[in-house]
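A quick write-up on the structure given underneath.
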Amino acid sequence: MSKVNDIKNMKRLQKQITPSQALAEEISEEKASTLQLIRKRVSFDLRTDLHKELKMQSLLQEKNIYILIEEALEDYLKNIGK
């Protein structure tokens, strides 16, 4: 039981940051170069024809589906303000 309490206490002591705080925080070049890529698992519905095409492109390009989705989202977000 003590081990469980130790884990809970460690979790409580971890720094928590809100999304608005994260967006407001500046990233220095030093920090950016050492910044570790962290992914978040998400779940959403997708049309079956899009999923099928995505799987085909994934095979043709020899990339994971999530990489293709990340690239497409990066392009979209980069061009949305233009």
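All heavy atoms count here, side chains included; hydrogens, waters and symmetry mates do not.
- Taking all atoms of both residues into account, the shortest heavy-atom contact from K63 to L68 is CD-CD2, 3.9 Å.
- Grouping Ile, Leu, Val, Met, Phe, Trp and Tyr residues whose side-chain heavy atoms lie under 4.5 Å apart, directly or via other members, places L77 in a hydrophobic cluster with Y76, I80.
- Other residues sharing the hydrophobic cluster of Y66, ordered by chain and number and joined by side-chain separations under 4.5 Å: I67.
- With values rounded to the nearest 0.5 angstrom, S58 atom OG is found 9.0 Å from H51 atom NE2.
- Residues passing the side chain to side chain contact (heavy atoms under 4.5 Å, CB included) test with L50 are L46, R47, sequence neighbours excluded.
- Put simply, CG on L37 and CD on E70 are 6.5 Å apart, with the number rounded to the nearest 0.5 Å.
- Residues I65 and L73 are members of one and the same hydrophobic cluster, defined by side-chain heavy-atom contacts under 4.5 angstrom among Ile, Leu, Val, Met, Phe, Trp and Tyr.
- K52 is not listed as a side-chain neighbour of D49, based on a closest heavy-atom distance of 4.5 Å or more.
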